[in-house]
Trainee: 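This is the structure I want to talk about, given as structure tokens.
Everything numeric here is computed off the predicted structure, so don't read it as measured data. Below, read A as the first sequence line, B as the second, and so on, with proteins coming before strands; counting in each chain starts at 1.
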Amino acid sequence: MPELPEVETVREGLSRWVTNRRVEAVEVRHPRAIRRHLAGAEHFAAVLAGRTILAACRRGKYLWLPLDSGDAVIGHLGMSGQLLVRPAGTADEIHLRIRFTFDDGGPELRFVDQRTFGGLSVSEGGATLPSEIAHIARDPMDPEFSDAGFVAAVRRRRTEIKRALLDQTLISGVGNIYADEALWRARLHGARPTDALTGPAITRLLGHVRDVLGEALKQGGTSFDALYVNVNGESGYFDRELNVYGREGLPCRHCGALVRREAFMNRSSFSCPRCQPRPRTPAPG
DNA sequence: AGAACTGCCTGACTGC
DNA sequence: TGCAGTCAGGCAGTTC
């Protein structure tokens, strides 16, 4: 599953392989892979044909490609999306949704997505920062991310700390997996009320978030083949060294207690019952 | 406005 | 073996 480290690796790959190339044509194989574009797939393709990609940028888990027209292509990988750079003529992937060809005849850019939770869209005038994703907060690896601003925003909220970590308007790039890992390192249960956490506690948690993302980014960077701008999400997932996520019933690496799994937002949270005791008072709401 | 909930998708897996 | 049900996940949209 592509999260911040994977998306950043994809961005680096796109920067290397598609920057300064001129799009010849765009083929949309699956209309659902085009988002927020009422004019339809044909119009989407027409707007992009002949445009040159100037860069590859990222905000949280979103990517965007500024074009020489001043517009931008926005991309989100969702759960299962991949952006692949493949030599022209390579056999189509089963879940190939969108194909970009370039007038230099070089490798194609392909959006491949099994579940089509992800997709591409065009942002008019969005080369600098598409308005569609302006609500997404900076990620904690961003030099302009404000630690103090994040701490203050979290303490103003009346919710649970894990929900706050997953709120992309507070901090971006953190998903279910990294939220659980950071909370485990901080020895905090995800149901802890945000407004009862001290500033130093939130600062410590933020440091763990940064560590987890940074370590995963290092690992993600090493496992990528140079020709591919993304890999199979599953292989990346299983390669990670996770301490609690997916380890239900296995011993906690801090204390040996058995990792528990709890229902959370129609999915799962993993934590150590001893290191991360549930708060005594439930969060408001 | 903030918080919570739902729908979007399909392949892998589980249990009967 | 086959089938139905469950799970995985981020985010846009909606509701309160």
Trainee: Could you please name the option among B/dT10, C/dA12, B/dA3 that lies closest to any side-chain atom of A/H135?
Mentor: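 Taking heavy atoms from C-beta onward, the closest nucleotide is C/dA12.
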
Trainee: Fit a plane to each ring of A/H76 and A/Y62, take the angle between them on a 0 to 90° scale, and name the class: parallel (under 30°), tilted (30 to 60°) or perpendicular (over 60°).
Mentor: perpendicular

Trainee: Distance criterion of 3.5 Å, no angle test: do you see the side chain of A/R115 paired donor-to-acceptor with the base of C/dG10?
Mentor: no

Trainee: For B/dA1, does either OP1 or OP2 sit under 4.0 Å from a side-chain N or O belonging to A/R156?
Mentor: no

Trainee: Starting at CZ of A/R59 and ending at P of C/dG10, how long is that distance when rounded to a whole Å?
Mentor: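 These atoms are roughly 19 Å apart.
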
Trainee: Checking all strands, does A/R261 fall into the base, sugar-phosphate, or nothing category for heavy-atom contacts under 4.0 angstrom?
Mentor: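 The residue A/R261 makes sugar-phosphate contact but no base contact.
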
Trainee: Between A/Y62 and A/F270, which is nearer to the 5' end of DNA chain C once each is assigned its nearest nucleotide?
Mentor: A/F270

Trainee: Does A/R138 count as lying over the ring of A/F145, i.e. NZ or CZ under 6.0 Å from the six-ring centre, within 45 degrees of the axis?
Mentor: no

Trainee: Closest nucleotide of DNA chain C for A/I136 versus for A/F117: which of these residues is on the 5' side?
Mentor: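 Closest to the 5' end, via its nearest nucleotide, is A/F117.
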
Trainee: For B/dA3 and A/R157 - does any side-chain N or O of the residue sit under 4.0 Å from the phosphate oxygens OP1/OP2?
Mentor: yes

Trainee: Both A/R163 and A/Q114 contact DNA chain B. Taking the nearest nucleotide for each, which residue is further toward the 5' end?
Mentor: A/R163

Trainee: Around atom CD of A/E124, are there more than 12 heavy atoms from other residues, nucleotides or ligands closer than 6.0 Å?
Mentor: no

Trainee: Taking only the side-chain nitrogens and oxygens of A/H95, find out if one of them lies under 4.0 Å from OP1 or OP2 of B/dG11.
Mentor: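 For B/dG11, OP1 or OP2 has a side-chain N or O of A/H95 closer than 4.0 Å.
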
Trainee: In this structure, how many angstroms lie between the P atom of C/dA8 and the CZ atom of A/F264, rounded?
Mentor: 13 Å

